[in-house]
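Here's the structure we're looking at; comments come further down.
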Amino acid sequence: MKLTGVELHRIEMPLVAPFRTSFGTQTTRTSLLVRAVGTDSEGWGECVAMADPLYSSEYVDGAADVLRRFFVPALAAVERLDAAAVGPALVRFHGHRMAKAALETAVLDAELRAGNRSLSRELGAVHDRVPAGVSVGIMASVPQLLEAVGNYLDEGYLRIKLKIEPGWDIEPVTAVRERFGDDVLLQVDANTAYTVADARHLARLDPFDLLLIEQPLDEEDVLGHAELARQIRTPVCLDESITSARAAAAAIRLGACSIINVKPGRVGGYLEARRIHDVCVAHGVPVWCGGMLETGLGRAANVALAALPGFTLPGDTSASSRYYQTDITAPFTLIDGHLQVPTGPGIGVEPLQAELDAVTTSVERLAV
Ligand code: SMG
Ligand code: MG
């Protein structure tokens with residue numbers, strides 16, 4: 001296809017509850033949606049950058065800028081555009097993987113819709129539903145945390161992830177294990193809040209039989225993770241550090257992780273995410289699908305990815321109601337702790353016009 005237009009839709013959606021991590025508290029999700037219009041179809045991609053560069057160096061205004069000034073003009077020059085052509089067309093531009101991923105996903109959605117093919121089939125999904133985990137923020141008190149975890153377990157979530165930071169780690173994990181028992185699938189995510197000097201402290205999590213500890217150290221500290229992995233029994237999982245299939249292969253080889261969190265936005269798109277899956281399967285390293293508080297658009301695509309055979313752990317693929325009162329697509333709901341994998345053409349969902357309009361703060365139409 002040939003690109004005939006691109007729109008950047010900026011949206012603001014209130015979260016059902018504040019979400020606190022080691023890098024800050026979020027009450028609203030500000031995101032950018034990319035709509036790509038081609039000669040015979042159109043598609044959507046959700047940019048997972050946050051309003052501020054706190055999780056990674058990317059942020060919403062930066063993503064809009066790089067899309068507008070560099071990425072969209074580069075794609076507009078491609079005569080026979082498909083998703084596989086996006087990476088090569090943008091490869092000379094460094095970084096900005098979340099912005100690249102959003103644009104590639106919009107093109108992929110359009111391409112698949114034109115061919116009446118679903119993303120799940122395209123990626124090689126082998127399941128029609130995926131188990132849902134939930135990420136639980138840092139709370140003001142242990143009783144509040146126990147209430148939140150209890151409610152999620154009652155809803156049917158099959159795995160609990162606790163956000164941790166220095167001062168909120170051993171105590172909440174102990175309390176959750178004491179209240180809900182050893183059978184709950186439990187893991188923690190530090191979002192880079194520790195240093196390798198904390199190894200002995202983090203080893204105090206060993207007795208709790210956690211599935212994994214996610215990104216305890218700085219994203220560039222791959223060797224530190226390898227050192228930490230030798231000093232603790234809890235398996236180390238990387239999130240922020242894994243920005244490509246090459247980075248995944250290196251981290252595995254160096255012993256920096258034994259599990260990998262795959263987020264398509266963080267790695268530049270679903271095609272690279274699948275390559276990471278393949279690298280991990282080849283090394284016997286389990287993967288699971290992370291989350292970035294996506295709307296139903298991004299969630300639909302994540303759920304398709306999470307249905308690949310190497311995704312053997314539940315992901316941060318929660319129901320729409322975990323995040324938003326009203327989603328901008330038909331909501332994802334939990335059925336026996338699982339989300340259904342969309343089977344329609346492309347990513348399998350579309351924004352509902354009224355719901356989208358209600359949260360849209362600006363639409364920018366880019367000339368191509
Ligand atoms: O989408 O359920 C979700 C959020 C899952 O904890 C989550 N994401 O580091 O894995 C992570 C964080 C990054 C976003 S925090 C605002
Ligand atoms: Mg994480």
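Counting convention: from 1, in listed order, for ligands and their atoms alike.
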Point to revise | Residues R266, E240: salt bridge by 4.0 Å N-O rule | key: no
Practice item. Please could you name the atoms of ligand 1 that D239 approaches to less than 4.0 Å, counting only its heavy atoms? Key: 9 (O), 10 (O), 11 (C)
Check your understanding: Taking the Mg ion (ligand 2) as the centre, how many protein N/O/S atoms fall inside a distance shorter than 2.8 Å?
Key -> 3
Check your understanding: Quick one: which ligand 1 atoms are inside 4.0 Å of a heavy atom on K263?
Key -> 9 (O), 10 (O), 11 (C), 12 (C), 13 (C)
Review point. Can you list the atoms of ligand 1 that are under 4.0 Å from a heavy atom of M292?
Key: 1 (O), 13 (C), 14 (C)
Practice item. Flag R299 as yes when one of its N or O atoms lies below 3.5 Å from any N or O atom of ligand 1, and as no otherwise. Key: no
**Study point:** Closest approach of any protein heavy atom to atom 1 (O) of ligand 1, naming residue and atom
**Key:** L293 N, 2.8 Å
Practice item. Find out whether T21 and Y55 are in side-chain contact, i.e. whether some heavy atom of one side chain is under 4.5 Å from a heavy atom of the other. Key: no
**Study point:** Residue portion contacting ligand 1 (non-hydrogen atoms closer than 4.0 Å) for N191
**Key:** side chain
Exercise for review: Among all protein heavy atoms, pick the one closest to atom 4 (C) of ligand 1 and tell me residue, atom and distance.
Suggested key: G291 O, 3.7 Å
Review point. Closest approach of L238 and A251, non-hydrogen atoms and distance?
Key: CD1-CB, 3.9 Å
**Study point:** Closest contact, heavy atoms only, S31 versus V60
**Key:** CA-CG2, 4.3 Å
Exercise for review: Could you tell me the residue and atom name of the protein heavy atom closest to atom 12 (C) of ligand 1, and the distance to it rounded to 0.1 Å?
Suggested key: K163 NZ, 3.2 Å
Point to revise | Side chain to side chain, P216 and T192, heavy atoms closer than 4.5 Å | key: no
Review point. Is the shortest N/O to N/O distance between M50 and ligand 1 below 3.5 Å?
Key: no
Review point. Are any of the N/O atoms in S135 less than 3.5 Å from those in ligand 1?
Key: yes
Exercise for review: Look at D278 together with R274 and state whether they make a salt bridge at an N to O cut-off of under 4.0 Å.
Suggested key: no
**Study point:** Heavy-atom check, side chain of R322 versus side chain of F19, under 4.5 Å
**Key:** yes
Revision key, fill the gap. shortest atom 16 (C) of ligand 1-to-protein heavy-atom contact is with Q26 OE1, 2.9 Å
**Study point:** R113/E42 ion pair, N-O < 4.0 Å
**Key:** no
Check your understanding: Below 4.0 angstrom, N of the basic side chain to O of the carboxylate: do R159 and D316 qualify?
Key -> yes
Check your understanding: Do any nitrogen or oxygen atoms of E214 come within less than 3.5 Å of a nitrogen or oxygen of ligand 1?
Key -> yes
Practice item. Indicate yes or no: does K100 engage E272 in a salt bridge with an N to O separation below 4.0 Å. Key: no
Practice item. May I ask you to decide whether R117 forms a salt bridge with E111, counting only side-chain N to carboxylate O separations under 4.0 Å? Key: yes
Check your understanding: What atoms of ligand 1 come within less than 4.0 Å of a heavy atom belonging to F19?
Key -> 6 (O), 15 (S), 16 (C)
Review point. Applying a strict 4.0 Å limit to heavy atoms, is Q215 in contact with ligand 1?
Key: no
Review point. Any N or O of F23 that comes nearer than 3.5 Å to an N or O of ligand 1?
Key: no
Check your understanding: Near Y323, which atoms of ligand 1 are under 4.0 Å from a heavy atom of that residue?
Key -> 1 (O), 2 (O), 3 (C)
Review point. Ion pair present between E58 and R97, side-chain N to carboxylate O less than 4.0 angstrom?
Key: no
Point to revise | Taking every non-hydrogen atom, the tightest pair across H277 and V287 | key: CD2-CG2, 4.2 Å
Check your understanding: Would D61 and R10 pass as an ion pair if we require N to O under 4.0 Å?
Key -> yes
Revision key, fill the gap. One finds that the ligand 1 atoms under 4.0 Å from a non-hydrogen atom of D189 are 9 (O), 10 (O), 11 (C)
Exercise for review: Report yes if the side chains of I164 and D189 come closer than 4.5 Å at any heavy-atom pair, otherwise no.
Suggested key: no
Check your understanding: Under a heavy-atom criterion of less than 4.0 Å, does R322 contact ligand 1?
Key -> no
Exercise for review: Return yes or no for this condition: an N or O of K161 is under 3.5 Å from an N or O of ligand 1.
Suggested key: yes
